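Right, one structure below, let's go through it.
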Amino acid sequence: MSASSTARRAAATALAAGAIVSAIALPASAHDNDRPAPRVVISDVQADSPGRDDRSNRSLNAEWVEITNQTRRAVNLDGWTLRDSDGHRYRFDDVRLAGRATVRVHTGIGRDTRTDLFQDRRSYVWDNYGDTATLRDARGRTIDTESWGRNHRR
C-alpha cells in the first residue's frame, strides 16, 4: 500500500469520526441553546371597522389588533410597541399579559382593562387596503408581524 493511499484512508477515517462526534454532540448543544422564548403573537387584526368610517370613537374602537400570549406564564409587555407601516406607534405601559390570554388594542379612546387597551387616538391607524402591524419588545426586537392587503409583505 502506498503512502498516499494510507494518508487518504487516515484522513477519511478522521473525517468520519469527526462527523460521528458532531452528529452526537450537535443535538445536545442545540438543545441547550434552544430554550423556548416567550411566544407572544399578533393573533388577529380588524383594520377595517364595520360600517362607515365616520371617525366616531365607536368606529375608531372597532379598529383593533389582538395580541395573544401563547405560553402558560405571564409576560410583561411594559415598553413593548405596536406599529403600523406609516410609523404610528402604541407603547405598552405597565401591561402584564397573563398566560394563554389575549388583549385587544383599540385605536380610539377608552379605559384600559385586562382584555382591552386603547391608543386614545382621534384618527384611524390601520390602512383598510394594506398595512403591516409590527410588535416589538422593550429592546426593539421584532416579536411578530402581520400584513394584509395590497402592501402585503412578510
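The model shown is predicted, which means the values in this text are computed figures rather than measured ones. Reckoned from all heavy atoms, side chains included, excluding hydrogens, waters and symmetry mates.
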Straight-line distance of [X] [atom1] to [Y] [atom2], nearest 0.5 Å:
X	Y	atom1	atom2	answer
Phe92	Leu82	CZ	CG	5.5 Å
Leu117	Arg111	CG	CZ	13.5 Å
Asp84	Trp126	CG	CH2	5.0 Å
Asp44	Thr68	CG	OG1	8.5 Å
Asp48	Asp131	CG	CG	12.0 Å
Asp144	Ser43	CG	OG	9.0 Å

Beyond-backbone contact of [X] with [Y], side-chain heavy atoms, under 4.5 angstrom:
X	Y	result
Arg55	Ser123	yes
Asn76	Leu97	no
Arg136	Arg83	yes

Minimum-distance pair of heavy atoms, taken over all atoms of [X] and [Y]:
X	Y	answer
Ala47	Glu63	O-OE2, 3.2 Å
Asp78	Asp94	OD1-N, 2.9 Å
Arg114	Val103	O-CG2, 3.8 Å
Val125	His88	CG1-CB, 3.8 Å
Asp137	Arg139	OD1-N, 2.9 Å
Val75	Asn69	CG2-ND2, 3.4 Å

Evaluation steps, side-chain contact (heavy atoms from CB on, under 4.5 Å), between Ser49 and Leu60: CA-CA 7 Å; Ser49 49; Leu60 289 167; over 6 Å; no
For Tyr124, all residues meeting ring-ring contact (aromatic ring centres under 6.0 Å, His included), sequence neighbours excluded: none
Check against side-chain contact (heavy atoms from CB on, under 4.5 Å), Leu135 and Thr81: CA-CA 6 Å; Leu135 181 66; Thr81 60; over 6 Å; no
Derivation and outcome, side-chain contact (heavy atoms from CB on, under 4.5 Å), residues Val105 and Phe118: CA-CA 6 Å; Val105 181; Phe118 298 86; over 6 Å; no
Donor-acceptor contact present, side-chain Gln70 to main-chain Val41, <3.5 Å: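 No: the side chain of Gln70 does not pair with the backbone of Val41.
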Asn61 backbone acceptor or donor facing Asn57 side chain under 3.5 Å: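 Flag not set: sc Asn57 to bb Asn61 has no pair under 3.5 Å.
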Arg58 atom CZ, neighbour heavy-atom count above 12 within 6.0 Å: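 Counting neighbours around CZ of Arg58, 12 or fewer heavy atoms of other residues, nucleotides or ligands fall under 6.0 Å, so no.
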Candidate pair Val40 and Trp80, rule side-chain contact (heavy atoms from CB on, under 4.5 Å), full reasoning: CA-CA 11 Å; Val40 177; Trp80 289 39; 4.0 Å; yes
Salt bridge Arg91-Asp93, side-chain N to carboxylate O under 4.0 Å: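 Between Asp93 and Arg91 there is a salt bridge, with a charged N closer than 4.0 Å to a carboxylate O.
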side-chain contact (heavy atoms from CB on, under 4.5 Å) partners for Arg104, two or more places apart: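 For Arg104 the side-chain contact (heavy atoms from CB on, under 4.5 Å) partners, ignoring immediate neighbours, are Trp64, Glu66, His106, Asp116.
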